[in-house]
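Below is one structure, written out as C-alpha cells, with a few remarks after it.
Only this structure's heavy atoms are used, side chains among them; waters, hydrogens and symmetry mates stay out. Keep in mind that what you see is a predicted model, and the values were worked out from it rather than measured.
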Amino acid sequence: MLTIKDLQAKIGEKQILNGINLEVKPGEVHAIMGPNGSGKSTLASVLAGREEYEVTGGEVDFLGKDLLEMAPEERAREGVFLAFQYPVEIPGVSTINFMKTALNQIREHRGQPALDAVSFLSLMKEKMKLVEIDQSLLSRALNEGFSGGEKKRNEIFQMAMLEPKLSILDETDSGLDIDALKVVANGVNKLRNKNNAVIVVTHYQRLLDYIVPDYVHVLYKGKIVKSGTKDLALELEAKGYDWIKDEVALA
Amino acid sequence: MSNDNQVLEEFTSREYEHGWTTDIEADSAPKGLNEGIIRFISAKKNEPQWMLDWRLDAYAKWTKMKEPTWPNVHYPPINYQDVIYYSAPKKSDKTKKLEDVDPELIKTFEKLGISLTEQKRLTGIAVDAVIDSVSVATTFKETLGELGIIFCSFSEAVHNHPELVKKYMGSVVPVSDNYFAALNSAVFTDGSFCYIPKGVRCPMELSTYFRINAANTGQFERTLIIADEGSYVSYLEGCTAPMRDENQLHAAVVEIYAMKDAEVKYSTVQNWYPGDKNGKGGIYNFVTKRGLCFGDHSKISWTQVETGSAITWKYPSCILKGDYSMGEFYSVAVTNNYQQADTGTKMIHIGKHTKSRIVSKGISAGHSQNSYRGQVHIMKRAENARNFSQCDSLLMGDKCGAHTFPYIDVENKSARIEHEATTSKIGEDQIFYCLQRGIDEESAVALIVNGYAKEVLNQLPMEFAVEAQKLLALTLEGSVG
C-alpha cells in the first residue's frame, strides 16, 4: 500500500529525515517510535503534504501513485488520513458541517454523488457509536474549548467518517488519561480491517498496549535504525532509548 | 510567507462578477451641480413645490458644508461638478407595472440573479428595483395594499402620500446632518418608501435592489421606512454596479422611524464594484443610515454584509429615544485589494432601560484597510442603559490593516457597558487541517470565514444568508494569511 524509499526532508535549512525506508501492507499496523526530535512528526507531516517541509530526496508510492506529487487535499481524497497531535480550532464551524464538506469533496473525487442530509446523519450516528462520542460535541465549533481527550476522540471520529485507507496517528496518546486512551484505541481497533493500514507515531509504548502493532520501528536522527515486533516496544519501555543511541554510535 | 503572498496575488486577480453594463437608453442631466440641475431633477420628476423647496434648502446648506476628513480613508478630492446627478432609463416614466418594464432591464435583473418575475412568482418577496436613479418596478403592491402597507418608489410616495413624506423625511437624518446627507437631500432621485400601519406584521420580506448602470453617474437614493405602533417589517437591500475605470459616487440616506412596540429589521448586502486589483475605479460609498426608536419598546436591527465599494463610509445607527427600546448592529465588512472601509455604528441611548448590541466582524485582505468606528453614548436620563459590543478583526496576508475606533460616552452612572475586541489571522494550521480532510483551499477559506462571520450571517433572512455566504467566499477565494 505504502512504500517509502530513501525519503529525505528538511525544514528551513535543517535536515530532519535522512533516508527513511518503510513498507506498509494492507491490514498492517506499524508503530513508529523514537526519542524527541528524531523526526517522527516530520515523517507524518511529510506524508500528509505539509508545505513547510521540503522533500529533498527519495520517493513515496501510495497505491501505485506518486504520493509526493499530490497536493495535500488529493492525498486525503486518495485515502491518507492524519490524526493531528494538536488539532486546530475553527471557530463557528461545527464538526458536523466540517465533516459534511470534507466527505462530499472526497465523494466527488471518487465520482460519487453528495450525501443527502438523511444519509449523512445516519452515517454520522453509526460512527458516533463506534468512537463513543456525543452529538452535542459535534454540533459545537470544531475543537473550540474541547478538552484534550475530546479533541483526540474527535480526530478518531473524523477518521471513522472518512474511512481512509492509510491512517497516521501522530502522538494520539499525548495528553490523554488512561480512560480516554482506551476509548480512542478502541475506536481505532474497530476501524481496522484487512484493507486499511495504520501508522501509529508515539513516544511511549503505553498506546501500543491497546493498539497492538505488527511492526515497531525506531526512528533516530531521521532514520529507521531498528525494526521489530511489539516486543521491541516493550524493550524500549524498559530500557529507554539510550541503548539504541549507543548502538547507532557504535555502528 | 512568500507562498502566502503568491496565493494572495492569485486571488487578487479575481474578477468582479457583476461588472457588465446594460445597453439601455438613458435620459440624463448634464454634468455638474447647481440650482438649475436641482430644478431640472425636480421638474423631471414632476415634483410639487414643497419638494423643490426642500431640495433647494438642502443645496444651500450643502454649499456651506465641508467634506469630512476624519474617516480613516484616503482618496483624491472629488470633483462634484464632474458628476451626472440624474440618469433615468428612458422608458421609465410610463412603466408602472412590471409587464411594462423595458425587457433589457428585466435582463439586467436576471443577470443579477433577481429576476423580478421569478421573485414575484416564487419567493414571495416584494421587490423594488432602482436602476441608476429611478425606481423601475415594485412587485406585490396589491397584496401589500390589502394590509394597508405602502411599499413604493420614493417618487410615487411624494405624489401619493405627501403628508407622510413631509412629516417623516428628514426627521431621523436632518438635511444638515452631514455633508453627504445634505448632498443627497438636494439631489436624490429616487429610492424606496415604506409604511407599515398600526399592528400590522408585514407578511413578506420587502426588498430593494440598487444598481448603477450609466457612466459618470452618481446614485443618490433615499429610503424612508415608517413602522407604526406595534408593527413589524423585515427589509432587504442589495447593490451592484458595473466595472468602470473612474470612481463613481454613491451617497444614500436611509431613515427608519419606529413607533411604540414597532420592530424593523434592515438587512443589506452591499456589493458595489470595488475597483480592480490595482485600486483603479470602484464606487465611493458614502451612506447615512439611521433609525429612530421613537416609541417605548421599539426595536431596530441593522445587519450588513459589506463586500464591495472602493471606499465605504457608513455607520448605520440607532437613536434609542423610547424607554425600553432596543438597537442592534450586526456587521461583516470585507476589504480586499485596495479597498478602504470605515464603518461601524452609533448607539445613542436617550430613554430609560434602553439596550444596544453591536457585533462587528472585519475581514481584511490584500492591501486593504478596514476600520471599525463605533460610538456608544449613554445620555443623562438613560437610567439602566445597557450596551454590549464585540469587535473582531480577521487578517489575511501581511499587507492589509485592521483598525478599531470605539468611542464610549457615559453620562449616567447606572449604565452597563461591555466591550470585547479580538484580532486574529487565518492560520496556515487551520487551512492545512482542512486540506488534510480533503477540502480544497477555496472551500477551506470559505468555511473558516463563514464560521468567523456566523453570528452576523445568522441574523440575515435565509435567502440573503445564502447569497451573503457565497459572496464572502467569492470575495476571499484563495486568500490565505
Side-chain angles (χ1 to χ4, degrees), chain A residues 44-45 47-54 70-110 140-144 151 154-155 157-159 161-164 166-168 170, chain B residues 1-7 10 330 332 359 361-363 390 392-395 420 422-460 465-466 468-470 472-473 476 478 480-481:
Chain A
S45 296
L47 291 178
R50 209 171 181 129
E51 279 178 6
E52 296 99 289
Y53 297 91
E54 189 189 334
M70 293 185 218
E73 65 272 29
E74 281 178 67
R75 299 180 195 203
R77 292 169 191 173
E78 288 288 329
V80 176
F81 181 91
L82 174 64
F84 286 80
Q85 182 177 6
Y86 304 108
V88 296
E89 299 180 357
I90 306 187
V93 179
S94 68
T95 304
I96 296 175
N97 188 9
F98 183 64
M99 275 293 101
K100 209 169 80 193
T101 308
L103 192 64
N104 283 334
Q105 290 212 355
I106 291 173
R107 288 177 66 87
E108 193 185 331
H109 178 75
R110 293 186 192 143
R140 278 168 49 187
L142 191 58
N143 293 319
E144 204 178 36
K151 282 184 188 172
N154 189 278
E155 292 292 291
F157 167 74
Q158 294 181 36
M159 175 178 154
M161 287 295 289
L162 302 181
E163 298 177 339
L166 174 70
S167 302
I168 305 161
D170 188 9
Chain B
M1 283 316 289
S2 63
N3 186 45
D4 294 347
N5 288 339
Q6 208 182 337
V7 176
E10 279 172 36
Y330 294 93
V332 181
V359 177
K361 304 268 181 180
I363 303 167
Q390 188 185 331
D392 297 333
S393 306
L394 187 68
L395 296 164
E420 289 177 11
T422 66
T423 302
S424 53
K425 285 190 79 169
I426 284 199
E428 280 174 38
D429 287 351
Q430 286 175 321
I431 298 283
F432 183 69
Y433 192 81
C434 296
L435 294 178
Q436 213 300 307
R437 298 301 185 247
I439 300 171
D440 63 58
E441 190 168 286
E442 289 180 2
S443 309
V445 171
L447 201 67
I448 294 167
V449 167
N450 280 315
Y452 165 79
K454 192 180 174 190
E455 203 181 338
V456 175
L457 297 176
N458 279 350
Q459 296 296 324
L460 291 171
V466 174
Q469 276 190 13
K470 282 192 199 147
L472 283 186
L476 292 166
V480 189

Checklist entry - Which answer fits B:Tyr433, side chain, backbone, both or neither, if we ask what part of it has an atom under 4.5 Å from a heavy atom of chain A? => result both
Checklist outcome for this item: Ranking A:Ile106, A:Ile90, A:Val93, A:Leu82 by heavy-atom pairs under 4.5 Å to chain B gives rank one to A:Leu82
Under 4.5 Å heavy-atom distance to chain B, tell me which part of [X] shows up: side chain, backbone, both or neither.
X        : value
A:Gln158 : side chain
A:Phe98  : both
A:Leu162 : side chain
A:Pro87  : both
A:Arg50  : both

Donor-acceptor under 3.5 Å ([X] side chain, [Y] main chain):
X        : Y        : result
B:Glu428 : A:Glu52  : no
A:Glu73  : B:Ile439 : no
B:Arg437 : A:Ala102 : no

Next on the checklist: Within the structure provided, determine whether A:Val80 and B:Gln436 are in side-chain contact (heavy-atom separation under 4.5 Å).
Outcome noted: yes
Checklist outcome for this item: Given B:Asn450, B:Asp440, B:Leu447, B:Ile448, the one with more heavy-atom pairs under 4.5 angstrom with chain A than any other is B:Asp440
Checklist outcome for this item: Separation between CG (A:Leu142) and SG (B:Cys434), nearest 0.5 Å, reads 8.0 Å
Checklist entry - What do the steps show when you test A:Tyr86 against B:Asp429 for side-chain contact (heavy atoms from CB on, under 4.5 Å), and what is the final call? => result CA-CA 10 Å; A:Tyr86 304 108; B:Asp429 287 351; over 6 Å; no
Checklist outcome for this item: For A:Ala76 and B:Gly438 the tightest heavy-atom approach is CB-N, 3.3 Å
Checklist entry - Of all heavy-atom pairs between B:Phe432 and A:Pro72, which one has the smallest distance, and what is that distance? => result CE1-CB, 4.1 Å
Next on the checklist: More than 12 heavy atoms of other residues, nucleotides or ligands under 6.0 Å from CD of A:Glu144: yes or no?
Outcome noted: yes
